[in-house]
Amino acid sequence: MKKKLQSITNKIAAPMTIAGILVIWELISCFHVVPTYMLPSPVQVIHAFISDFSLLMFHAKVTLVEAFLGLLCGVLIGFVLAVMMDQFEFIYKAVYPVLVITQTVPTVAIAPLLVLWLGYGIAPKVVLIVIVTFFPVAIGLLEGFRSADRDAVHLLQSMGATRIQIFKHIKIKSSLSQFFASLRIAVSYSVVGAVIAEWLGGFSGLGVYMTRVKKSYAFDKMFAVIFLISAISLVLMYSVDVLRKCCTPWENRRAIRK
Amino acid sequence: MKKKLQSITNKIAAPMTIAGILVIWELISCFHVVPTYMLPSPVQVIHAFISDFSLLMFHAKVTLVEAFLGLLCGVLIGFVLAVMMDQFEFIYKAVYPVLVITQTVPTVAIAPLLVLWLGYGIAPKVVLIVIVTFFPVAIGLLEGFRSADRDAVHLLQSMGATRIQIFKHIKIKSSLSQFFASLRIAVSYSVVGAVIAEWLGGFSGLGVYMTRVKKSYAFDKMFAVIFLISAISLVLMYSVDVLRKCCTPWENRRAIRK
Amino acid sequence: MAELRVENINKFFQDKQVLENVSLSLHNRELVSLLGASGGGKSTLFNIISGLMCPDSGEVSLDGNTITGETGHVSYMLQKDLLFPFKTIEDNVALPLVIKGMKKREARKVAGPYFQEFGLENTEKKYPHELSGGMKQRAALLRTYLFSSKVALLDEPFSALDTITKSAMHKWYLGIMEKIQLSTLFITHDIDEAIYLSDRIYLLTGNPGHITEEIIITEKKPRGEEFLLSESFIHYKRKIIENLEKKLQ
Amino acid sequence: MAELRVENINKFFQDKQVLENVSLSLHNRELVSLLGASGGGKSTLFNIISGLMCPDSGEVSLDGNTITGETGHVSYMLQKDLLFPFKTIEDNVALPLVIKGMKKREARKVAGPYFQEFGLENTEKKYPHELSGGMKQRAALLRTYLFSSKVALLDEPFSALDTITKSAMHKWYLGIMEKIQLSTLFITHDIDEAIYLSDRIYLLTGNPGHITEEIIITEKKPRGEEFLLSESFIHYKRKIIENLEKKLQ
Amino acid sequence: GKNQSNEKTESGTPMKKITFVLDWTPNTNHTGIYVAQEKGYFEEAGIQIEIVQPPDDGAEALVASGKAQFGVSFQDYLAPALTGENKLPVIAVAALIQHNTSGIVSRKGEGMDTPKGLEGKKYATWDLDVEKAVLKNVVEADGGDFSKVNLIPSTVTDEVSALKTKSVDAIWIYYAWAGIATEVKDLDTDYFAFRDINPVFDYYTPVLIANTEYLEENEEMAKAFLDAVKKGYEDAIADPEGAAEILLKAAPELDRDITVRSQKWLADQYKAEVERWGYIDSTRWNTFYNWLNDNNLVENKIPENTGFTNDYLPE
Ligand SMILES: Nc1ncnc2c1ncn2[C@@H]1O[C@H](COP(=O)(O)OP(=O)(O)OP(=O)(O)O)[C@@H](O)[C@H]1O
Ligand SMILES: Nc1ncnc2c1ncn2[C@@H]1O[C@H](COP(=O)(O)OP(=O)(O)OP(=O)(O)O)[C@@H](O)[C@H]1O
Ligand SMILES: O=C([O-])O
Ligand SMILES: [Mg+2]
Ligand SMILES: [Mg+2]
C-alpha cells in the first residue's frame, strides 16, 4: 500500500513540477511582472501553437526526415568506426584523437561552410547531423565493446572461437546498453542539429520557421516552436528507451528484481 | 624491443594521420581543385593565424574568461543538483525530467532570448555556458554517486556511519572517474558555448572575431579561428585528464598494471 | 551472560519467506557457526542482526538491549571482501575508526601494528587491486577486527584463501579469540572449518530457512591440528553431513 | 596412452617468473588435481594448456601432437563462473556447440536433456543473475561438458557450492567420468575434494611455482562416501598438508 | 538540380534551373521575386527558380561559389568582396530598392530625432568600421561629438523589444521592415535617414547580385531572369496588397500586418523616381565607394565603376 502510494507520488512528481513552473510563468505574465514582448505567457504560446499548427507540422515533417537520415548515417558511420577501432589497435590510435578534434570544432561555425561546399539541398544538413551524432554513437559502442569481460573473451577463445564469433557473441551484446545510452543522446542531437542546419538555409523545416518568426517579432511563435522541438526530442528519446527495453530483456528482469 | 617499437608507432599514429590530412588538403588547394574562397590552404590558414596572432590572443583571453566563469558556475550547479538528486529520491523524480527537457532546447534558439532578458553584459554568456555545462556534470556525478557499490554502502551503514560519512567515504570517490569524464565534455562545451554566446554581440571574444572575418570574406582567418578554438578545447581537455590522474591515483596504478 | 540473542526472526522478500522463526544465541567469547544450503538465508540473517535489514517479526538483542534494526553494534564482514578500490589498504582497514570519529592519521597509527599479525606487511600504501585474493580477505578481516565491537559477524571470511593460508588463519583466529573478548558468529560452507573453529554449530536448512539442529563441539580450545584427523572430528563431520542430507530430502 | 603432456613449461610476467620447468601428464580417463598456494601459477598453467597464453618455453601436447598456443583442443572452465549475463542459461550452455558451427535451435536441443542431470531443471529460459551461485557454477560446468573435448580443465569448479550440493556434484562427476571418455585436470584448494576425486594429485608450490610432489591415490573408483572418513583418506590428507607446509617454510 | 532536364515548359523546351539566395529571411525587399514566381514569369522565360534562405551571414559566398546564380546583397557588404585577397566573383546587376532607406530609430521624444541627439545615448553597434564611420559622419555633420555616443554591443534580434525594454536607445534599421514593425507594435519613435543628412550615404541597398562567370556564360538567360524579376517588382508596385498576399503565401510565418503595411510603404521605393527598374546610377555607386576609399575603410582601394553593371537589365 505504502509502496503503491510512493510509486504514484514518483510518477506524478515530474508532471507536477512542470505544471508548477507553467503556473508560475503564467502568473508572471498575467501580472505583467515582465512585459509580454519579453516573455509570452504559456496561454499565448499554446494559442500560437494551435493557430500555426498545420504550418508547424509541415515544417516538423521536413526536420524529422532530415534528422532521421542524418541519424541513420551517423549511427552507421559510428558503428563502422567503433568496430574498426575495436578490432585494430592501430586504427584506434590513429583515428580516435582525430574524432575528438572533430568534436571540438563548433558546429555552428562550420555549418555555413558546409552549405558553401555542398549546396542547399539536404546534403549539408545530413552531414551536419552526422558530425554531431556519429561521435557519441562511436564512443558509446567502442566503450561497450571494450566493456566485454576479458575473461569472457578468453573463454570463447579457448573454445576456438573466431574473431567474428567473439564479436557476435560477446561484444555486440556487451555494448547494447551503452549503445542505447549514446543513441538517446544522438537522437536529441540529431533534432537540434537539423534545426541548426536549417538556419543555414533552405525552404522549410522548423529552423526556417524559427528564423522567420523571429524576424516577425513573434515571440509567442518562437516559444511554440522551441517547445515543439523539445517535445519531439523527448518523444524520440522515449522511443529509444522503449527500443532498448525490447533489445535487452536481461536488463529488464534485473531491474524488476531490484 | 618489439614493445618499444609498438609504443612509438602508437604515439605517432595520430600525428601522422593529422599530418596526412593536412598534406592532402594542401594539395587540393595547390592544384585549385576547389577555389580558395571555398577552402583556403593550410599554409594560408597558418599565415592568417600568424598575422592575426596578437589579435587572436586578445580575443581568446576574453573567451577563456567567459568559458571559465560559465564552467565554474555550471560545475557548482551541477554538483549541487547531483547531490540533491542522489540524497532525495523525490527531488530526483521531480527534477531529473525537467533537466532532460532543458537539454532538448536548442541553445542557439534561446541565446537571443537570454540577451533580451539579461542585457548585453557577460551575464547572458555565462548563463548560456551554464546551460550547456551543468547537465553533463550533474548527470556524470549522479551516475558516479549511484555507481557506489550497494554492499559498500551497507558495510558503512553496519558500522553506524552517517549519511554524510557515507557520502564522503564512498560516493565522492566512486564518482570521481565519472565526474572527470563529464568535466572533459563540459570543458569543451564551455568553449563552444562561449563562442556562440559571443555571436550574440560584444566587442571582443573569438565569436566576435569570427563574425567579423566572415563579414570580410576572410575564410583563411575563419579557419584560423576555428582551429584555435579547437586547440583551446583540446588543451583544456588534456588539462582535465592531468587533473584526473592527480585525483585518482588508484586508477593510474591499475592502468600501469594492465 | 548471553551476549547476542536472536529470537523468532521471520523475514519475507515480497511474498517469499526466507527465514522462519529463527532463534539463536551467541555467548561471551564463543565462536558459533551457521551451516546451511546456499540461498538458505544465512546472509539475510546477518543483515538483520547487523541492523541493515528489519525482520518482519522477531527481535535481536545485545546484552539484554534490543538492537533490532539498529546499526553500529556489531562488526560485520560481508560475503564479498569489499575493500574500497580508491583507498589504500591502511585507509581501508582504518575506516571503522574514522567512522567512529578518529582523525585519519591517528586511525592509521592505531591500525599499523596489526599489519604484521594479519600477514599484511608492506601493503599499507597499496591499493586493493594490487593484492592477492587472500590478502584482500585478510585486510577485510583486519578491518572488521578494528571495528572492535564485542560481537563479530563473519560471512564466509576464509572462502577465498588457499588451504595453507586458511589453516594458518584458523590458528591465528583461535589465538586471537583467546586473547580478546570477542564473540563470533560465522557463516561457512566448509564443514571442517566449522568443526575446527566452533564451540557450537547451527544448521540452518529448509525453505523457508529455520534452525534444525544445534551441534556442540566439546573439544577443548586451543585445538591442535591433530583434532582435524581425530576420531571425534570424523564423528562430528558424519553427524553434520547426515543431518544436512536428511534435511535435503 | 597419454592424452595430455605438459613439458618443461616456463612462464614469465614481465621480469617475474611464475612457472618454472613445470611438467605433468594426464592419462586417458584420469582425474588429476593441482593443489598449491594462491598465486602459485595454477590458473596461468591452465591458460597455457588451453592455448590462451604462450609459454616462454616448453611444450603442450595432446595425443602426441603439439598444441602449444593453440586454442580449441581442450574444454576449459575458468575460475569465475563466467556465464554471459545477456544470454539465457540454455544459450549459455549451448554456446560451445554454436561456436563449433551448430545452429542455435539444434544446439539447444542437444543441450536440453542435460539440464536435469546437472540439477538445472526449469532454468533454461532464465538469465544467469536469476540463479543461485551454485546453479551458476553447475551451468558453467554443463557448458564445459558440452564442449566435448576429451580433456577438461576445471579451475575450482565447485568452490562456490555449498557442502551438500558439492558432494552431490562430486558423486555425479565421478559417475560421469565412468561413463564417458573424459580426462580431467582439476584445480582446487580443498584437499578433501582433491583426494576424493583424484587419481593423482600434483602439488604446485614455490615461487616461481614448480611441481614438488606427485601423490597417487590408489583407492579404487567409484569411491563411496566411507572413503572420506577412512584411515587411508586421513593418511593422504596428512601427507599433503605436511608437504604443503614444508614447502612454505 | 537532379530533375533539371526532366522539367519542360509547355512548348517543350528544357527549363533552366536558377537558384536564388536571399540575404536572410524572406521579407518585403524580396516580394518581386515571389510575385514573378507565383505569376509564372520565370516559367515563361524557361526558368525553374529555387528561392532559398541562406545562413545569417548572407548570400555573397554562396553566389561566388556557384551554388547559387543570383542573390541579394548590399553595396556596403559587397565592398570587401570586390578587391584584394578575398575577392569574390560576384557583381551587382540590379538595385532592388533605389535609395538607402536605412536610418536610426529611437523612442519618441528622447531627443534622437537628429544625429546630434545620440550624444550620451546608448547606440547598439555591430562594431563594423563602415557603420561607425557613417554614424560619426552624420553626428559630426549635425554638430555633435561622436565620441560622446555610448556604443554598446548590438545583441539586437528584435528592434522593437530592444527599444521597449530600454536596453538600447538607438538602432540602425531599414525602415521598410523594422520601422514599419515599430508602427504596427504601437511604439512611438523618432527616426532619421542617413541619406537625408549626407547624400553620400544614398548608396544601393539591397542589390541583386550574380555570379560573374555565370553571367559571361549565360548572358541571355541572365537577361531573361532579370526581365522576369522586373515584371514581378512592377506588379508589386502596382498592387501592393496582392503582392503582400503572394509573399505571405510563400512565407506564412511572417507577421501579416507588418508585411502588408511594409509592402504599401515599399511600393514607392522599389523604383522611386527612376524609369528603368533596377538601374544603378554609377555616380551614386562610385560616390559611396570613393568615400570608403578616402576614409580608409577598405583594405584595397575600390576602382571607379567596380562591382556593378546595368548590362543585363531589361530596357
Ligand atoms: N534483497 C533481496 N530481495 C529479494 N530476495 C532476496 C534479497 N536478498 C536475498 N534474497 C533471496 O533470499 C534468499 C536467501 O538469500 P541469502 O543471501 O540470505 O542466502 P545465503 O544463505 O547467504 O546463500 P549463500 O550461501 O549462497 O551466500 C535467496 O533465495 C535470495 O535470492
Ligand atoms: N596477466 C598477468 N600479468 C601479470 N601478472 C600476472 C598475470 N596473470 C597472473 N599474474 C600473476 O602471476 C601469479 C600467478 O597467478 P595465477 O592466477 O596463475 O595463480 P593461481 O595459482 O591461479 O592463484 P589462485 O589460487 O589464487 O587462483 C600471481 O602472482 C599473479 O599476480
Ligand atoms: O537588415 C535589417 O533589417 O536591419
Ligand atoms: Mg550468503
Ligand atoms: Mg587461479
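Heavy-atom minimum distance, A:D151 versus D:L78: O-CD2, 4.0 Å. A:P249 and D:Y127 make their closest contact through CG-OH, 3.2 Å (heavy atoms, listed as atom of the first residue, atom of the second, distance).
Looking at heavy atoms from C-beta onward, A:T248 lies out of side-chain contact with D:F86 at the 4.5 angstrom threshold. Using a 4.5 Å heavy-atom threshold, the side chains of D:M53 and A:H154 count as separate. Side-chain contact between D:M77 and A:L155 is absent, with no heavy atoms from C-beta onward closer than 4.5 Å. D:V98 is not listed as a side-chain neighbour of A:Q165, based on a closest heavy-atom distance of 4.5 Å or more. With contacts defined as side-chain heavy-atom distances shorter than 4.5 Å, the pair D:I99/A:T162 does not qualify. Between D:K100 and A:M159, every side-chain heavy-atom pair lies at or beyond the 4.5 Å cut-off.
With a 6.0 Å radius and a threshold of 12 heavy atoms from other residues, nucleotides or ligands, D:Y114 has its OH atom at or below the threshold. Heavy-atom neighbours of D:Q116 CD from other residues, nucleotides or ligands within 6.0 Å: at or below the threshold of 12. Crowding of A:F227 atom CZ: a count of heavy atoms from other residues, nucleotides or ligands under 6.0 Å exceeding 12.
Of the listed residues (D:D91, D:N47, D:L95), the one with the most heavy-atom contacts under 4.5 Å to chain A is D:L95.
Not one N or O on the side chain of A:Q157 forms a donor-acceptor pair closer than 3.5 Å with the backbone of D:L52.
One finds the CG atom of D:L153 at 8.5 Å from the OG atom of A:S158 (value rounded to the nearest 0.5 Å).
Using a 4.5 Å cut-off between heavy atoms, A:L176 makes no contact with chain D at all.
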